[in-house]
Protein chains: 2
Amino acid sequence: MNWELHPKMNEKLYLRNPEQSEIGKNMIKKSINLIRKLGFEAFTFKKLAEEIPTTEATVYRYFENKHRLLSYVVAWYWHWLDYQVMFKTNNLKSSAEKIKVINQILTWQMDEEHTVIDDISLEDLHQIIIYESSKVYLTKHVTEDNQYQLFKPYKNLCARISNIFKDFNPDYPYTRSLASTIIEMAHFQDFFMTHLPALTDFAETKSLKNVNDFLNSLVFSALEKKVKATSN
Amino acid sequence: MNWELHPKMNEKLYLRNPEQSEIGKNMIKKSINLIRKLGFEAFTFKKLAEEIPTTEATVYRYFENKHRLLSYVVAWYWHWLDYQVMFKTNNLKSSAEKIKVINQILTWQMDEEHTVIDDISLEDLHQIIIYESSKVYLTKHVTEDNQYQLFKPYKNLCARISNIFKDFNPDYPYTRSLASTIIEMAHFQDFFMTHLPALTDFAETKSLKNVNDFLNSLVFSALEKKVKATSN
DNA sequence: CTAAATTAATAGTATTACTATTATAAAAGA
DNA sequence: TCTTTTATAATAGTAATACTATTAATTTAG
């Protein structure tokens, strides 16, 4: 069973829907390659236009500015990740199992079935999320962007994980904050492990398996605290 | 007892030491006001020069670019915070008490003695940390910056907190990652609570007291997991 | 087959980030 | 004291970036 290839993206994210033209689809694909390669700060519409190839003005007809393009790409990822979580936890019986699968997905420990979907490199996209995703909301215009519902896919993912936590322990009062914590930490600990190992305990191995273990330990100890008998 | 007003800042952070001239000190002060007001993206050396007032070129004689200036300001904050943690946990007997004080400091729950130090608005600085601090390392030049030791104050703080965790439970294997997690989450949960409340459990009250409670719960449940009898 | 609408390219402008050079003021040495 | 060196800031730029108004070309519709 495959993913429905074209998630319905929020219309505020673009000026023209990039899914509806060849040049638009290529724009998304090349954006992901280029943001990954240059980093978001050095990424420009001019460089993107050269890659496609087209003109700068054409890119501006699709996206208001490069921040909106990043928001689009990041929203696409959260959409995909939410679907992954939904699909892969769907048939599991215990919430403990579901939580373990979530942490596996977040730390990229799944078998490499995907890698490329809809002509988009998921490896590159994952790296973009690690490096750039928080820049999408850490702005002076968060509130406005939030009113346009640009962060809906992230909220949906957070709510889905939160509900599974609630299943595991209905008395735990911080399920949403714990969900956003593990999502953010899956990416931050990955980044720290690679670039600032002193901020982690994974300096030697530099393996995402360790981040997975850390997240499991964090979540289960938090959720099991006041509950006497639960699975692990 | 006051803080030694001039922390020794890493020399790679500046071209000229802003502490050693009036115009330099004013530059730091006005930078903090302006970055807080405009956000880092809209902040420019030209606007800063107008505020000081001086010329753009003069600002460039002190800092290579605006990212370095942000790095300076953020490093100053970590320095200050590390000192706060050191000073306020120094005389405490139990590590449990120390941890509680750390979470209070991180969530800005201390009595408002400080607010302004060395002519710098700590409130503004705290807000800059919340909005901008991760942008300091989320770049393509992290590794280079790290080689220059630009992140030392953050690492020091993380190491200090980590050691207190280790005191509390010598068997816990993730003290550093737990330390970086609570530092980051103190700021992220604050930001989420204010701007994206769906990602937290603090939508109604919007009080930092809740973030403090969440962090305490997270840390103590993690650290107490395998240890049978410890204080709370 | 023409008119309308869509789409992309051309050719700009304002702003930003940054620098080479010059001017001025302070300090040091004779 | 006076000159020379040094430190510091201002002037006046440039290259690149972000963005837009207008024109040209193509497609679609009646």
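Atoms considered below: every heavy atom in the structure, side chains included; atoms not considered: hydrogens, waters and symmetry mates. Owing to the predicted nature of the structure, the values given are computational and were not obtained by experimental measurement. Chain letters run A, B, ... following the sequence lines, proteins first, then strands; residues in each count from 1.
For B:Leu15 and C:dA17, the CG to C1' distance is 14 Å, given to the nearest whole Å. B:Phe43 has its CZ atom 18 Å from the P atom of C:dT15, to the nearest Å. The nearest whole Å value for the distance from the CD atom in B:Glu41 to the P atom in D:dT17 is 17 Å. Straight-line distance from the CD1 atom of B:Ile23 to the P atom of D:dA7: 17 Å, rounded to whole Å. Between B:Met27 atom CE and D:dA9 atom C1' there is a gap of 10 Å when expressed in whole angstrom units. Look at CG on B:Leu70: it is 13 Å from P on C:dA17, rounded to the nearest Å. Rounded to whole angstrom, the span from the CD1 atom of A:Ile52 across to the P atom of C:dT7 amounts to 16 Å. Rounded to whole Å, the distance from NZ on A:Lys46 to P on C:dA8 is 20 Å.
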Q. Taking it one step at a time, do A:Phe188 and B:Phe188 satisfy ring-ring contact (aromatic ring centres under 6.0 Å, His included)?
A. CA-CA 12 Å; A:Phe188 273 80; B:Phe188 272 80; 5.3 Å; yes
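In summary, the aromatic rings of B:Phe214 and A:Tyr174 are positioned with their centroids under 6.0 Å apart. A distance below 6.0 Å separates the ring centres of A:Phe63 and A:Tyr72. Aromatic rings from B:Phe192 and A:Tyr137 are positioned such that their centres are separated by under 6.0 Å. Taking the six-membered ring wherever Trp is involved, the centroid distance between the rings of B:Trp80 and B:Tyr83 does not fall below 6.0 Å.
Each of B:Ile183, B:Leu215, B:Ile182 was compared with B:Ile102 under the side-chain contact (heavy atoms from CB on, under 4.5 Å) criterion, and only B:Ile182 meets it.
Nearest to the side-chain atoms of B:Glu56 among the listed nucleotides C:dA8, C:dC18, D:dA9 stands C:dC18. Closest approach to the B:Lys66 side chain among D:dC19, D:dA21, C:dA17 is made by C:dA17 (side chain taken as heavy atoms from C-beta onward). Considering only the side chain of B:Lys47, C:dT16 comes nearest among C:dA9, D:dA18, C:dT16. Closest to the A:Tyr60 side chain, of the nucleotides C:dT19, D:dC19, C:dT7, is D:dC19. Out of D:dC19, C:dT7, C:dT19, the shortest distance to the side chain of B:Ala57 is found at C:dT19. In the set C:dC18, D:dA18, C:dA8, the nucleotide with an atom closest to the side chain of B:Asn65 is C:dC18.
The side chain of A:Thr58 places no N or O atom within less than 4.0 Å of a non-bridging phosphate oxygen (OP1 or OP2) of C:dA8. Dashed line: the shortest gap from a side-chain N or O of B:Tyr62 to OP1 or OP2 of D:dT8 is not under 4.0 Å. Checking the phosphate oxygens (OP1, OP2) of D:dA9, no side-chain nitrogen or oxygen of B:Thr54 falls inside 4.0 Å.
Heavy atoms of B:Arg16 sit under 4.0 angstrom from primed sugar atoms or phosphate atoms, though from no base atom.
The two residues A:His195 and B:Asn146 have their closest heavy-atom pair at O-ND2, 3.4 Å. Of all non-hydrogen atoms in B:Met193 and B:Val211, the two that sit nearest each other are SD-CG2, 4.2 Å.
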Q. Using a cut-off of 4.0 Å between protein heavy atoms and nucleotide atoms, how would you tag nucleotides 23-28 of chain C 5' to 3' with B, S and -?
A. ------
